[in-house]
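Take a look at the structure below.
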Amino acid sequence: MPTLREQLREAVAEARRSATAAGALDLPADLPSVSIERPARSEHGDFATNAAMQLAPLARMAPLRIAEALTSHLQLPDGVAAAEIAPPGFINFRLNSAWVAGQVETLLAEGARFGRAPVPDPQRINVEFVSANPTGPLTIGNARGAFVGDVLCRVLEAVGHAVTREYYFNDYNEQIRNLGLSLLAIRRAEPIPDDGYHGEYVNELVAQVPEELWPRAEAPDADPGEVLGRWASERVRAGIEASLARLGVRFDVWTSEGAIHAAGWVERGIARLREAGFIYEEGGAVWFRSTAFGDDKDRVVIRSNGRPTYFAADIGYVAEKFSRGFDELIYVWGEDHHGTVARNRAAAIALGFDADQVRWPLIAWVRFIRDGVEIPMSKRSGEFITLDELLDEIGTDGARWYFSSRAYTTGIDLDMTLAASQSNENPVYYVQYAHARCASILRTAAERSIAADAADTRSLLVHPAEQALVRHLLTLPDVVADAASRRETHDIPRFCHEAAHLFSQFYRDCRVLSDDVALSRARLALVDATRLVLANALDLMGIGAPDTM
RNA sequence: GCGCCGGUAGCUCAGUGGAUAGAGCGUCGGCCUCCGGAGCCGAAGGUCGCAGGUUCGAAUCCUGUCCGGCGCGCCA
């Protein structure tokens, strides 16, 4: 069953057609899509459309007259009581209060499925995120991408897409070797090499190296950077996985750059580009003609020393991903990688994939501030705050809410001092508190042997606070559908906060458990529905919905 | 120099060409016989960086400009 908003969209589109057929409007066949929005002010109704104003230049008529023509040909969906015309040409829709109240029963029947609005064309989507190199623990710099990627996955799954969560890590370059050589230097009490790694975590790694590994690393024909680096990166990767588990972030697939090379994807990818005519040689290097697709300059894929570039692996990787049958690839990257998007898009297109099959949401920078000063962040120098430390200070739910509430394109300043001192003021607790209070009311009702009953809500839930709450709860499927469609999820916490707020007002104005048994049972049904909706919405953000706090 | 992303209330941020630009935090003032006060109600606080343009209508789109972040490698 489409949501009411979708039914209204279709009803207005149909009204355009029938008004045109009846000669009331003179419209071309190709029309803009109908926009249905929720007015900010309640006197403008529950939904509104600007269709008449949109059509004015096409029909060469005054918007108000178009609105009249549309409304007179409009078949209102079940649940909509009235369509009213308002200057300069809005059509405002007002819901039927009894229908609204009756939706409590429908909502409860959907249970955990409520809010998960299925798309008509589910896709197989690969979402790659975090992908931090295994040369050190996850830092608070990785936190935002982890949360944004995870919530995006949850929302895409909620509308029926099949999502694969993927972590790509680089084990093919000098960084791993440098990490290994840093361990060796510390072991021998020598200075750490110029490109080496510093910091407490490196010392801890040295202490954890199995004794039998040292002779193997230091044998005359051994490559100590390789031996120790391989061990250390595996160790670090396990730690990363543990940190992610603490966040509640899991991955389905861990792909290493080395594996992409080993399986021949890089060679085959370049060969495909060569066949397509986008590869040439110059100065002893092999180049990809990415400028053919709008990149600033062409890019080297094989250096003159014969070694492939990092970008060459990206080419192989995109081909490898699509070979697994995905309809869409999403790369959740930090915005510092924006310079590499153009060449990757170019490669995907040159390999024969559609530009809209691949997206790169670039997560804007987070500046972490402490006592008014930006905290420097460098894994190599050992100056950083780990993700685990962040969670100790502001809590996993607090962090999830914080990063989920902001558009990923916006740079944010996170004051650690403020965040820690204000962690109890985090809106997430307000929402969780509302959920706990719902649960508490339901417990009290159970003690008094009063059961929720949604059968008669149509006639009983008439109070403005009840009506406002239900109307808001019913919008969750639209919120989720929009978030999934836009691949932007930050409206969901807003929905939660508003739901909790409307519930608080309802709680203030409407005594749930009273001598009026029928009304008590109907209001309990609304409390149960609120609890359910809050739990479902919080779950989309990976945030728990506690019954007590 | 070129490119990408930002600039909205004291602070942190929403705002998908629509109606009187919103929320949280902070500040000030009210509200507890009764289902959870981690709450509720109210107030103060805005030239939407600036200047043009498009439009019936611009925080939103276009052009220019200023400020901030990031990126411009045969590094990753």
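So you know, we letter chains A, B, ... as the sequences are listed, proteins then strands, and number each from 1. Just so you know, these numbers use all the heavy atoms, side chains as well, and skip hydrogens, waters and symmetry mates.
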**OP:** Report the glycosidic orientation of C32(B): syn if within 90° of 0, anti in every other case.
**Re:** syn
Under 4.0 Å, heavy atoms only, any strand: does [X] hit a base, just the sugar-phosphate, or nothing?
X         : answer
Glu488(A) : nothing
Ala436(A) : base
Thr548(A) : base

Taking atom [atom1] in both [N] and [M], what distance in whole Å separates the two?
N      : M      : atom1 : result
G46(B) : G3(B)  : P     : 36 Å
G52(B) : G15(B) : P     : 27 Å
A9(B)  : A59(B) : P     : 15 Å
C50(B) : G68(B) : C1'   : 15 Å
G10(B) : G69(B) : P     : 22 Å

Original post:
So, is His490(A) near the phosphate of G15(B), with a side-chain N or O under 4.0 Å from OP1 or OP2?
Top reply: yes
Original post:
Which residue lies toward the 5' end of RNA chain B, Ala439(A) or Ala48(A), if each is placed at its nearest nucleotide?
Top reply: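 Here Ala48(A) is the residue nearer the 5' end.
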Subject >> Residue whose nearest RNA chain B nucleotide is more 5′ - Pro39(A) or Leu414(A) >> reply: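 Per heavy-atom nearest nucleotide, the more 5' residue is Leu414(A).
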**OP:** Quick one: list whatever passes side chain to side chain donor-acceptor pair (under 3.5 Å) with Glu282(A), sequence neighbours left out.
**Re:** none
Looking at [X] and [N], is any side-chain donor or acceptor paired with a base atom of the opposite kind under 3.5 Å?
X         : N      : value
Asn50(A)  : A19(B) : no
His338(A) : C70(B) : yes
Ser304(A) : C74(B) : yes

**OP:** Could I get the full list of ring-ring contact (aromatic ring centres under 6.0 Å, His included) partners for Tyr430(A), not counting sequence neighbours?
**Re:** His497(A)
Original post:
Would Lys321(A) count as a cation-pi partner of Tyr168(A), with NZ or CZ less than 6.0 Å from the six-membered ring centre and within 45° of the ring normal?
Top reply: no
Original post:
Taking the six-membered ring for Trp, are Trp360(A) and Tyr331(A) parallel (under 30°), tilted (30 to 60°) or perpendicular (over 60°)?
Top reply: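 Correct class here is parallel.
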**OP:** Nearest whole angstrom, please: distance from the P of C35(B) to the CG of Leu519(A).
**Re:** 17 Å
**OP:** Verify the stacking flag for Phe90(A) against A19(B): centroid separation must be under 5.5 angstrom and the ring planes must differ by under 30 degrees.
**Re:** yes
Original post:
Do you know which of Val431(A), Leu534(A), Val527(A) makes side chain to side chain contact (heavy atoms under 4.5 Å, CB included) with Phe503(A)?
Top reply: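 Option passing the side chain to side chain contact (heavy atoms under 4.5 Å, CB included) with Phe503(A): Val527(A).
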